[in-house]
Amino acid sequence: MASVHKLLNGTYILRKCLKPRVVFSPFWGTHFADYCSSSFQKPVAAPGKASSQRKTKWNLEEHHQREVALEITSPEDKPEISFDKAIKEEMKGHFRHLKDDIVNYWIGPEGRPLHEVLMEQAKVVWQFRSKEDLDKWTVTSDKAIGGRSEVFLKMGRNNQSALLYGTLSSEAPQDGESGRSGYCAMVSKIPRGPFEMKRSYDWSHFNTLYLRVRGDGRPWMVNIREDTDIIQRKDQMYSYFMFTRGGPYWQEVKIPFSKFFFSNQGRIRDAQYQLPLDKISSIGFTLADKVDGPFFLEIDFIGIFTDPAHTEEFAYENSPELNPRLFK
Amino acid sequence: MSWAQAILLARGLSRGWGGICSTALTGAPFSQVPPQAPRGLRCSAAAHNPDSSLVPRPPEPPRRPVKALAVHEELFRPALDGTRDKANFVQAVQNFAQYNVHKRGHVDFIYLALRKMREYGVERDLSVYNLLLDVFPKEVFRPRNIFHSIFLHYPRQQECGIAVLEQMENHGVMPNNETEFLLMQIFGRKSYPMLKLVRMKLWFTRFKNINPFPVPRDLPQDPVDLASLALRHMEPDLSARVTTYQMPLPKDSPDTMDPTETHIVGIQSPEQQSALARHDPARPIFVEGPFSLWLRDKCVYYHILRADLLPPEEREVEEIPEEWNLYYPMQLDLAYGRSGWDDYEFDIDEVEEGPVFAICVAGAHDQATLAKWIQGLQETNPALARIPVVFRLSGSSGELLASSSELEEPPPPPPEGQEEEEDSQQRQQKGQS
């Protein structure tokens, strides 16, 4: 698996200039961050050194996050690069993870005792208190289709929040097929188990999403994607809008899961279904409000809780005019 | 063919080629051959031009980014006095209708008109969209038998109808009965534009009022009105008062325009006033900014006056005396047994930041303007005169200088604003340092 990673990341060696934005890192990269030392090293041209590639890639991510001057290693203390050692450590880590997983299964769901999980009414799912928390998120913009928007993610002041900032530009790319452009998105990475198995979140006990954010008045869209374990559903997602107030005060946004509408390939579908809460894969925030200019969004944490006053099951009913087949 | 004829033919040909080449080079008209010889011919006559290869030359890259005019673009020329407004647009559309009875090229004309709507400022006007849909010939594109309805009947026209509705959707214009009737007349009930109209009516009504902080569609143009709208938008306390500390100078005398005389509008609630009165004069308070606030498509920059968070040992819990409210107790110390089932608190410490005392929107972001704001605030907060104020401005205009005019100057804090390399308009709040 490390060799596949080496092949995938072979292109990183060729990049001489460090890009000032987050590159869409494949999921492999996150697990190797633990093994890297903090010193910056120039990319080694030899193709057989996986660990140096990992260091380079990790530093590419780090560069935009840290505005500190880069440390220059002295020629005496060169860290040892050993391909076999790195693979062995990686395998050991995965087996350790597997062992923890099996042990946790006997304790209860996700390693917590059952009574605690059943009685829980509020849970923090993502918090932003350290750099590792930022590694769980990926940031994309319409640069992927040739647009001009830029977006960056970094820790906020005092490491207490995450700041997503950038510039939105709705100038359409001149590639002959896009008529509109201008979006920025922050998506959470799919949770992985041992050996990179795809896992999902189980939120069936809760009914509301809670976000503590501070924005600048722009409307955002919250998207939730389901697990693609059995059926491939990469274009389908459930979305709703998050309106930020702007201003210096923190804002609490509570969105019940019954309000999320279903969309496929970016278009709202006629047949609407309730969001199934038992296999949720990722959550994302998108900004595409057709207004050019800088933006920022500061997030404190993201949690889910049960709102006992909310009894609605699903907010959108299907109409016989649009879906005659559902009403036969 | 005999050799004489061959020589004559060759000479004739070479003269012909030479004629063409000379035409190409000098541009003089040549009678027998049309003046615009195709490129291939010109290039293949290699005798006169030794640089050109046998491969035809690729077309020259366009030197100017201006595109060629569309077919009916002359209808959208600006009026005699140069204005572009709804009346001119409507006139242009009606001119097209009179241009030819059969309305040839109406699809292209409608696409062109959709592109031009923004220049004329009519992109949110429903009547203009209805007029544009009126350009379609009626009853022609309706499917009349089953074969018409199986295959997409008149696909280009249906796509054009969908494009009109899509532009309406982008600008948030709700279609009305007239639109529905027009679409039914043009495309029939089972067509895609009609389906899109049904969807628009459904989803627009569902999402019309979901914004908990609505901003009016037509924002005020006056900067003072816009500033007060922005301040009211940001401040959740309804008893806060908006004060205009300085009005901008009227623009009729441009030569005596003073750049520091911009508008300054501030907001403060009574709770913030009392908190400022209780603030310890030994601790400085900070003016931070500028932060951006977006109202639909306008960006307003604001500054805040805040203090740092007190360390836990100095925080005092405010005790409300029991006589404050005789009708019901303000504090209850009952310990109802709440088990884990009823615990709705999140297991995390929320971000804590110092209290905010006032917010202001000013035209300029330099210290002189903000100092005027502080002076204006001192009229309602006399305690502010004793508290040192530190300006923590960021961006090109703000420099980190020390305090207010009256009092003792605390040592200037180390420059913190320069760490952030992003755009100067984006700033985040500074918590406890």
Do the ring planes of Phe207(B) and Phe261(A) sit parallel (below 30°), tilted (30 to 60°) or perpendicular (above 60°)? tilted

Side chain, backbone, both or neither: which part of Leu295(B) has a non-hydrogen atom closer than 4.5 Å to chain A? neither

Residue, of Pro236(B), Ala230(B), Pro212(B), that accumulates the most heavy atom pairs under 4.5 Å with chain A: Pro236(B)

Where on Asp292(A) is there a heavy atom nearer than 4.5 Å to chain B: the side chain, the backbone, both, or neither? backbone

When you compare the side chain of Pro248(A) with that of Met234(B), does any pair of heavy atoms fall below 4.5 Å? yes

Can you tell me if CZ on Arg148(A) sees more than 12 non-hydrogen neighbours from other groups inside 6.0 Å? no

Once the angle between the rings of Trp203(B) and Tyr316(A) is folded into 0 to 90°, is it parallel (under 30°), tilted (30 to 60°) or perpendicular (over 60°)? tilted

Quick check: are there more than 12 heavy atoms from other residues, nucleotides or ligands sitting under 6.0 Å from CZ of Phe262(A)? yes

Can we say Glu166(B) and Arg180(A) salt-bridge, meaning some charged N sits less than 4.0 Å from an Asp/Glu carboxylate O? yes

Can you check whether Leu195(B) reaches Leu322(A) side chain to side chain, under 4.5 Å on heavy atoms? yes

Determine whether the aromatic ring centres of residues Phe296(A) and Phe291(B) are separated by less than 6.0 angstrom. no

Neighbour count above 12 (heavy atom, 6.0 Å) for Glu271(B) CD: no

Do the side chains of Lys290(A) and Asn170(B) get nearer than 4.5 Å, heavy atoms only? yes

Interchain contact, Gln272(A) with chain B, by part (heavy-atom threshold 4.5 Å): side chain

Tyr240(A) side chain near Ile210(B) side chain, heavy-atom distance below 4.5 Å: yes

Which region of Leu118(A), side chain (C-beta onward) or backbone (N, CA, C, O), has a non-hydrogen atom less than 4.5 Å from a non-hydrogen atom of chain B, or is it both or neither? backbone

To the closest 0.5 Å, what do you measure between CZ (Arg129(A)) and CG (Asp349(B))? 7.0 Å

Chain A heavy atoms under 4.5 Å from Leu231(B): which part of the residue, side chain, backbone, both or neither? neither

Side-chain ion pair, Glu235(B) and Arg245(A), N-O less than 4.0 Å: no

To the nearest 0.5 Å, how far apart are CZ in Arg199(B) and OG in Ser319(A)? 10.0 Å

Let me know if Leu297(A) has heavy atoms under 4.5 Å from chain B in its side chain, its backbone, both or neither. neither

Above 12 or not: heavy atoms from other molecules or residues under 6.0 Å from CG of Asn318(A)? yes

Side chains of Asp300(A) and Val351(B) in contact at under 4.5 Å (non-hydrogen atoms): yes

Nearest 0.5 Å, please: how far is CZ in Phe301(A) from CD1 in Ile348(B)? 5.5 Å

Locate the shortest heavy-atom distance separating Trp294(B) from Pro294(A); write the atom from each residue and the value. NE1-O, 2.9 Å

Would the number of heavy atoms belonging to other residues, nucleotides or ligands and lying under 6.0 Å from CZ of Arg325(A) be above 12? no

Take a 6.0 Å sphere around CZ of Arg112(A) and say whether it holds more than 12 heavy atoms from other residues, nucleotides or ligands. yes

Just how far is it from atom OG of Ser292(B) to atom CZ of Arg218(A), taken to the nearest 0.5 Å? 8.0 Å

Can you tell if the side chain of Lys201(B) reaches within under 4.5 Å of the side chain of Glu321(A), non-hydrogen atoms only? no

Is the CD atom of Glu312(A) crowded by more than 12 outside heavy atoms at less than 6.0 Å? yes

Turns out that what part of Arg267(A) lies under 4.5 Å from chain B's heavy atoms comes down to side chain

Name the orientation class of the two ring planes belonging to Tyr210(A) and Phe346(B) (parallel below 30°, tilted from 30 to 60°, perpendicular beyond 60°). tilted

Under 6.0 Å between the ring centres of Tyr344(B) and Phe305(A)? no

Using a 6.0 Å cut-off, check whether atom CZ of Arg232(B) has over 12 heavy atoms from anything other than its own residue. yes

Mind checking whether Glu350(B) and Trp250(A) have side chains closer than 4.5 Å, heavy atoms only? no

Any side-chain heavy atom of Gln251(A) within less than 4.5 Å of one from Phe213(B)? yes

Which is it for Arg206(B) and Glu317(A) under the salt bridge (Lys or Arg N to Asp or Glu O under 4.0 Å) test, yes or no, and what are the steps along the way? CA-CA 11 Å; Arg206(B) 278 180 176 164; Glu317(A) 53 177 18; 5.6 Å; no

